[in-house]
2 protein chains.
Amino acid sequence: MLLSQTCIYGLRASALLASKSRADYTTIRELSDELDISFHFLTKVLQKLTKSELLESYKGPNGGVKLARTASDIKFMDVVLSIDGDSLLHECALGLPGCGILEPCPMHDQWSGLKQNIVTMMKDITLKDLANNYNSTHLTFDSFNKGNQV
Amino acid sequence: MLLSQTCIYGLRASALLASKSRADYTTIRELSDELDISFHFLTKVLQKLTKSELLESYKGPNGGVKLARTASDIKFMDVVLSIDGDSLLHECALGLPGCGILEPCPMHDQWSGLKQNIVTMMKDITLKDLANNYNSTHLTFDSFNKGNQV
DNA sequence: GTATATTAAGACAAAATAGTCTTATATATT
DNA sequence: AATATATAAGACTATTTTGTCTTAATATAC
């Protein structure tokens, strides 16, 4: 799996927040219910995004979380970096720590090309894009969670 | 990480076997020493490849493992499928079980394009390619394991 | 046939990841 | 002030992945 489960949860919650495009705060409980993710676990995931200043949180009644910037200004990659870190950018396909331009492993050239494409995509796509696609499918995220399609 | 550690060990051992291009058996001990991988763990990894009939094994003195076919006839993808299975081929970037053409998740189109490129590469590269590159670098795999480059 | 060399198999341990639960802290409402 | 609502933080548990160790099975050589 390319991204950790934690990261995927963060991406889904971020995309859902973006699709709501609300100015006020959304509770994590609402997000966890819609996404069918454990409330407590999602709380911890979103804390990372808050610390990275991708989200803003507010305690107490009418509190919750919201995007810290406009959805078009937060990239897929921002969420990945915040949660999974930058290991994806540097990792050798064969897991060799010394692999690089000077001492390429047998996979280096092929893999770094592909990796660059992945990174480009992640830097290209914003939460707004995710939210747009999300809305255009006329599907709730919840429907995915039921696994009703192969 | 795209591939499991187990899978990476399998790939490295397979590439090393291919680079030796020996007709007789190589002991797992020799492979594990050169690759600096735990002997017992590598044994279990290679057992999977043997069961998948990518390798042949032989017990007793002068025994060991060798490629079951010529190196140019075993693909990177064969090893990945044997060890990690085909989850990579089907996985949605957002981990949504229902994601597909009928009910695409917000990432579906972009991700399936990239995924296809990855799969194409893995089906394209053979152990012979890995071995060639490996030899042309004039580096032992061992030098990578020391992590002497950023 | 006994000793030696090798993979096969499976029990066990350690580490990383994922998930749960409880308590603390901040805010709003009354 | 008291109560209710929300995130923050951290202890704890469960699961998966990775790694270790012991024993079994098989083949060779003498």
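Note on naming: letters A, B, ... go to the chains in the order of the sequence lines (proteins, then strands), and numbering restarts at 1 for each one. It should be emphasised that the depicted structure is a prediction, and the values quoted were computed from it without experimental measurement.
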> Which whole-number value in Å describes the distance from A/Q47 CD to D/dA9 P?
Replying inline: 6 Å
> Side chains of A/V45 and A/I37: closer than 4.5 Å at any heavy-atom pair?
Replying inline: no
>> What contact category does A/I28 fall into here, base, sugar-phosphate, or nothing, at under 4.0 angstrom with non-hydrogen atoms?
In response: sugar-phosphate
> A/H40 has an atom NE2; how far is it from atom P of D/dA11, in whole Å?
Replying inline: 16 Å
> Between A/C7 and B/F39, who's closer to the 5' end of DNA chain C by nearest nucleotide?
Replying inline: B/F39
>> Can you measure A/D24 atom CG to D/dT7 atom P for me and round it to whole angstrom units?
In response: 13 Å
> Could you give the CG-to-P distance, from B/L42 to D/dC21, as a whole number of Å?
Replying inline: 16 Å
> Is there a donor-acceptor pair closer than 3.5 Å between any side-chain N or O of A/S19 and the backbone N or O of A/L16?
Replying inline: yes
> With respect to the phosphate group of D/dG19, does any side-chain polar atom (N or O) of B/Y9 fall under 4.0 Å of OP1 or OP2?
Replying inline: yes
> For A/L46 and A/G60, take the nucleotide of DNA chain D holding the closest heavy atom to each; which residue's nucleotide lies nearer the 5' end?
Replying inline: A/G60
> Under 6.0 Å from the CD atom of A/E56, do we count more than 12 heavy atoms belonging to anything else shown?
Replying inline: yes
>> Of all nucleotides in DNA chain C that come within under 4.0 Å of a heavy atom of chain B, which is furthest toward the 5' end and which toward the 3' end?
In response: C/dA5 to C/dA11
> Could you state the CD1-C1' distance from B/I83 to D/dT18, rounded to the nearest angstrom?
Replying inline: 13 Å
> Which part of the nucleic acid, if any, lies within reach of A/Y25 when heavy atoms closer than 4.0 Å are counted: base, sugar-phosphate only, or nothing?
Replying inline: nothing
>> Taking A/D78's backbone N and O only, do any of them form a donor-acceptor pair with A/S82's side chain (distance below 3.5 Å, no angle check)?
In response: no
> Taking a hydrophobic cluster as the set of Ile, Leu, Val, Met, Phe, Trp and Tyr residues connected by side-chain heavy atoms closer than 4.5 Å, whether directly or through intermediates, do B/F39 and B/Y58 fall within one such cluster?
Replying inline: no
> Ignoring hydrogens and geometry, is there a side-chain-to-backbone donor-acceptor pair from B/K128 to B/T70 under 3.5 Å?
Replying inline: no
>> Side chains of B/D129 and B/T126 only: does a donor on one sit below 3.5 Å from an acceptor on the other?
In response: yes
>> Closest-nucleotide mapping onto DNA chain D: is B/P61 or A/S57 further toward the 5' terminus? I mean the 5' end.
In response: A/S57
> Which is true for B/K48 with a 4.0 Å heavy-atom rule: it touches a base, it touches only sugar-phosphate, or it touches nothing?
Replying inline: nothing
>> Distance check needed: D/dT20 P versus B/K44 NZ, whole Å only.
In response: 11 Å
>> Rounded to whole Å, how long is the line connecting atom CZ of B/F41 with atom C1' of D/dG19?
In response: 6 Å
>> How many whole angstroms separate atom CZ of A/R29 from atom P of D/dA4?
In response: 17 Å
